[in-house]
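Worksheet for the structure shown next.
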Amino acid sequence: METPRAESNSFPRQTDAAFSKDLTFARLCDLKFPVEIKVASLEGRIPKRTMSEVLRDPSKRHAGMQTDGISDLFVTIQLFSQGRSLTLPFQTGTKAFKPNRYIWNSSIQLPITYASLPLNAQLAVTLWDIASPGKAFPIGGSTMSLFSANGTLKRGAQRCFLHPGVEADPSPGVTPSDIHQNDELGRLLRLVKDYERGDMERVEWLDFAVFREIERVQAREVERTDRLFLYIEMPRFDFPVVFAEQESVLPLPPLPNPPVNPTNPPPLPPNFLSTAPHLWRIYDPETLRTRVEGNPTEIKYRRLARSHRLGRGEREVKPGPEMRDLLNDLFRQPPTYDLSLEDKDIIWRYRFSLHTFKRSLTKFLRSVTWQDPAEARQAVEVLLPLWSEVGMDDALELLGPGFEDGRVRAFAVGQLARADDEELQLYLLQLVQALKFEVKSTQLQNSERRPLQSQNSSVHSAHPLSAASEEDSGLADFLIERAAKNAVLGTVFHWYLMVECEDKVVGKMYARVAFQFMQRLVELEDGTERRDSLKRQGEMIALLSAKAKELRASKDPRPKKIDKLRAYIGDHKHGLSTLSAPLTMPLNPRVLVTGIDAARSSVFKSNLLPMLLWFETEEADYPIIFKNGDDLRQDQLVIQLFTLMDRLLRRENLDLKLSPYAVLATGQTEGMVQFVPSKSLAAIMGEYGSLLNYLKVDHANEGAIGTLGVEPAVLDTFIRSCAGYSVITYILGVGDRHLDNLMLSPDGHFFHVDFGYILGRDPKPFPPPVKVCREMVDAMGGPSSPHYNRFKSLCYTAFIGLRKNANLILNLIALMVDANIQDIRLEPDKAVLKVQDKFMLDIPEEDAIKHLEALLNDTSYLTLMFDKVHTLAQYLRE
């Protein structure tokens with residue numbers, strides 16, 4: 001079916017082919033272009049407040065609506081689904097309007113395609129007035145569903161009632177757009193829509209008179225009512241666009257099914273037939289013959305082909321050489337690969353032999369028809385135990401949202417038990433998120449946890465499936481037990497839970513897990529001490545958070561803020577300069593701190609004014625940056641993946657001298673970052689003229705042969721770390737790379753900071769896929785030097801090493817889809833695919849290396865230009 005065209009030039013046309021007159025509708029999945037909304041105009045008068053009302057509300061004294069004859073207005077639009085935002089808010093430009101003439105005609109393109117829209121998508125539209133510089137207040141808000149009750153996409157002009165004085169609220173029934181629409185003007189506008197669709201005969205002289213009368217009716221309505229209506233223009237497609245071609249879903253009688261008489265079908269459910277004149281739903285009595293969608297003949301054949309009751313002969317079926325090659329090709333596919341029905345049938349046919357194939361388990365489980373109880377029982381009770389061990393990447397995939405059976409998830413938890421605490425900590429962030437996908441996650445809030453086994457016994461018995469029911473995988477108990485036995489793991493686990501407890505949807509579930517963790521600690525010999533330590537960590541972070549908020553709200557100059565911070569830390573009543581007892585550092589649980597050095601603490605010069613705190617330890621000081629007002633969860637995820645990739649490369653005997661600094665979100669808008677003494681490349685170039693001059697300050701060696709006057713070990717560290725960070729930032733699509741967030745320490749360690757843009761997002765146009773700036777190449781001796789060639793060779797080796805572990809990285813990202821990470825939240829269904837594309841898994845290894853080589857050899861003059869523009873902008877800002 002072809003994609004419908006848009007009549008307005010404001011919306012993109014997707015095909016030039018002529019449309020068949022027999023077409024009656026188009027499918028939403030055919031619309032592959034972004035959603036575009038036009039804010040047209042406002043109907044009604046914004047009430048003018050009297051001076052006495054203004055004086056009673058000082059915050060609105062400077063509002064545009066208080067100025068005679070002029071209002072400074074703008075409109076924001078945001079897309080929601082079930083109360084969760086699908087996009088960030090977008091706004092029109094601010095305009096100064098005269099009374100009774102509020103016209104924007106401004107188009108807003110949302111970063112989501114029509115094909116990606118859920119059926120319950122809603123537009124939250126809010127009209128704002130400028131109260132003062134940087135401050136606005138809502139005149140009215142409205143929430144409009146993008147789809148009508150019969151599942152068709154709304155087209156043309158939409159009249160949205162604005163609820164006065166509030167922002168648009170996507171909660172059901174709070175700010176609906178369709179109330180007060182039954183007036184005379186609303187009736188006429190509905191007739192206009194029918195006219196535009198061609199349902200009325202067009203008579204030119206009569207149409208002109210009718211539209212003139214509609215304008216008069218509109219003017220009268222505005223004069224006699226204080227209601228406000230905002231007009232939103234949707235694309236005017238040639239055909240109605242339906243969300244899906246819906247099948248008739250009729251209630252089935254209890255089994256066994258009585259025979260169905262096609263000539264006398266049972267009564268249809270209410271509203272079965274569409275009331276829309278352009279849509280027809282055809283009733284097919286064959287849909288009553290089976291509970292599974294599809295052709296009854298094909299379903300019968302598939303049941304015979306996949307029969308699990310064929311006896312012992314089915315166990316003896318072995319794949320031949322060609323079939324083994326086909327199966328190996330299927331099992332090599334990434335986790336996002338969608339198995340066809342034929343693929344599933346082939347996998348099921350040879351199910352008793354699949355445990356001998358590497359990485360076959362997840363594809364086998366995806367081929368099971370879980371709606372068939374007998375087939376699901378055989379898969380879990382007979383076949384699943386044949387896999388004694390699977391890789392950690394497969395175990396993590398089984399804990400994702402695609403697997404709901406508790407016995408399968410329990411098997412995955414049993415496989416996780418093989419990992420040591422250090423490896424488990426690498427996956428802990430995702431495992432905490434995996435609790436959201438548990439079948440019983442909604443019941444965890446109202447049920448008591450089953451008693452944990454004794455400390456000397458394993459969480460899971462020898463048979464991985466015997467310890468869990470069909471509903472409970474035991475993941476929460478497993479994490480609690482491992483975190484209780486290891487203080488480092490327990491501290492990290494505690495703070496991951498604390499952040500999730502702030503979530504409005506699943507916060508109660510995580511709070512119960514945190515309570516169970518504290519209960520388990522009490523049962524241990526040193527548990528009370530550890531629980532008190534976690535409590536003291538929370539109290540210290542609360543003090544720092546309160547002070548950070550105070551400094552950020554203060555209008556004092558930066559030097560005075562620094563003095564206030566040092567005085568606050570030095571005041572003994574706060575207990576920060578000298579702690580009552582050594583305390584585990586939340587950012588690094590292996591470090592015990594004794595206090596904070598007030599004299600060296602400071603406040604950075606940036607918008608959020610983060611605090612630099614020098615924690616004192618018995619060995620060396622541990623400086624951190626404490627931020628409030630910034631969501632560090634995305635940075636935390638990126639650093640965790642950097643750490644994981646570093647470990648994966650070391651397993652391949654490749655040490656790229658990566659030095660990921662620690663990041664810990666202690667709340668949804670605050671956290672701690674390890675401070676690494678270093679300088680940005682921009683600062684180095686401004687102070688030393690080149691990176692080599694900077695490295696020579698502490699590590700000059702003019703006698704060394706072929707190392708450009710720098711100690712060989714330092715230059716080697718620089719080249720290796722440049723290669724490592726170039727590859728891992730390319731894979732994760734880290735954006736907004738410029739000389740101010742590329743750092744270099746005196747010992748040659750190169751690293752990146754500030755990960756506000758990932759997965760290909762970038763505020764600048766045409767960003768380079770691989771960030772290798774000219775300053776880095778010059779420090780290696782230029783593009784023709786042997787050091788630069790060695791840098792490229794290390795890049796290729798690192799890329800291939802990580803490509804071998806692509807499934808593990810993809811599965812970790814898949815578990816973060818519902819973690820409310822900023823750049824994942826924008827397009828959650830594409831997050832994993834964006835990283836998968838960087839691995840180029842669909843082409844041979846040699847071709848992938850050639851493609852990466854082309855990216856490295858591509859000298860981007862745009863990159864150099866944007867770096868200079870950024871440096872100039874920073875200079876002017878200062």
Side-chain angles (χ1 to χ4, degrees), residues 134 537-579 583 585-588 591 593-617 620-636 639 661-684 686-687 736 738-743 745 751-756 870 873-878:
Q537 292 176 31
E539 292 171 349
M540 179 185 68
I541 288 177
L543 289 173
L544 297 176
S545 178
K547 191 60 182 177
K549 290 180 182 177
E550 179 186 333
L551 293 176
R552 192 152 48 89
S554 172
K555 297 183 180 180
D556 295 329
R558 178 169 168 262
K560 191 170 183 179
K561 291 181 178 180
I562 294 175
D563 293 339
K564 286 185 175 181
L565 173 62
R566 292 174 177 175
Y568 182 81
I569 295 174
D571 192 342
H572 293 290
K573 70 179 182 181
H574 298 130
L576 294 175
S577 60
T578 302
L579 300 178
L583 181 63
M585 167 64 71
L587 185 62
N588 187 347
V591 174
V593 297
T594 57
I596 303 177
D597 187 350
R600 301 174 68 185
S601 298
S602 183
V603 177
F604 284 97
K605 185 180 180 180
S606 66
N607 293 333
L608 296 177
L609 298 171
M611 303 185 304
L612 174 61
L613 305 172
W614 285 81
F615 280 87
E616 298 174 334
T617 70
D621 290 345
Y622 193 89
I624 71 147
I625 301 171
F626 188 89
K627 291 187 175 183
N628 181 273
D630 192 11
D631 189 348
L632 292 179
R633 287 176 290 179
Q634 181 160 299
D635 289 65
Q636 179 177 260
I639 293 297
Y661 55 90
V663 178
L664 178 68
T666 57
Q668 293 187 354
T669 57
E670 67 179 25
M672 312 170 83
V673 180
Q674 180 185 0
F675 177 73
V676 180
S678 58
K679 287 181 178 291
S680 68
L681 298 197
I684 292 174
E687 185 175 353
D736 194 24
H738 47 75
L739 298 185
D740 280 306
N741 53 31
L742 304 180
M743 312 297 292
S745 60
F751 60 98
H752 288 237
V753 297
D754 188 7
F755 305 104
H870 176 82
Q874 291 294 104
Y875 174 77
L876 295 176
R877 186 180 302 173
E878 295 178 359

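Counting from 1, the numbers follow the sequence of the chain as shown.
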Side chains of [X] and [Y]: does their closest heavy-atom pair fall under 4.5 Å?
X      : Y      : result
Leu544 : Leu576 : yes
Gln674 : Ile624 : no
Glu670 : Ile541 : yes

Interatomic distance, [X] atom [atom1] to [Y] atom [atom2] [nearest 0.5 angstrom]:
X      : Y      : atom1 : atom2 : answer
Leu587 : Leu664 : CG    : CG    : 6.0 Å
Met743 : Ile684 : CE    : CD1   : 8.0 Å
Met611 : Met672 : CE    : CE    : 9.0 Å
Ser680 : Leu739 : OG    : CG    : 8.0 Å
Ser601 : Leu612 : OG    : CG    : 6.5 Å
Met540 : Ile596 : CE    : CD1   : 6.5 Å

Tell me if a side-chain donor or acceptor on [X] pairs with a main-chain N or O of [Y] at a distance below 3.5 Å.
X      : Y      : answer
Asp630 : Leu632 : no
Gln537 : Leu583 : no
Asp571 : Tyr568 : no
Lys561 : Ser554 : yes

Using a strict threshold of under 4.0 Å (side-chain N to carboxylate O), is an ion pair present between Glu550 and Lys564?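 Salt bridge absent between Lys564 and Glu550.
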
What is the minimum heavy-atom distance between [X] and [Y], and which atoms define it?
X      : Y      : answer
Pro610 : Lys627 : CB-CG, 3.7 Å
Tyr661 : Ile639 : O-CG2, 2.9 Å
Ser602 : Arg558 : OG-NH2, 4.1 Å
Ala548 : Asn628 : CB-CB, 3.7 Å
Ala598 : Gly570 : CB-N, 4.0 Å

Partner of Ser577 by side chain to side chain contact (heavy atoms under 4.5 Å, CB included), out of His572, Glu616, Arg566: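 In the set His572, Glu616, Arg566, the residue that makes a side chain to side chain contact (heavy atoms under 4.5 Å, CB included) with Ser577 is His572.
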
Applying the side chain to side chain contact (heavy atoms under 4.5 Å, CB included) test to Leu565, which of Ile562, Asp563, Ile569 qualifies?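 That would be Ile569; it is the only one of Ile562, Asp563, Ile569 passing the side chain to side chain contact (heavy atoms under 4.5 Å, CB included) with Leu565.
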
Anything under 30° is parallel, anything over 60° is perpendicular, the rest tilted; go ahead and classify Trp614 against Phe675.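 Rings of Trp614 and Phe675: perpendicular, as their planes differ by over 60°.
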
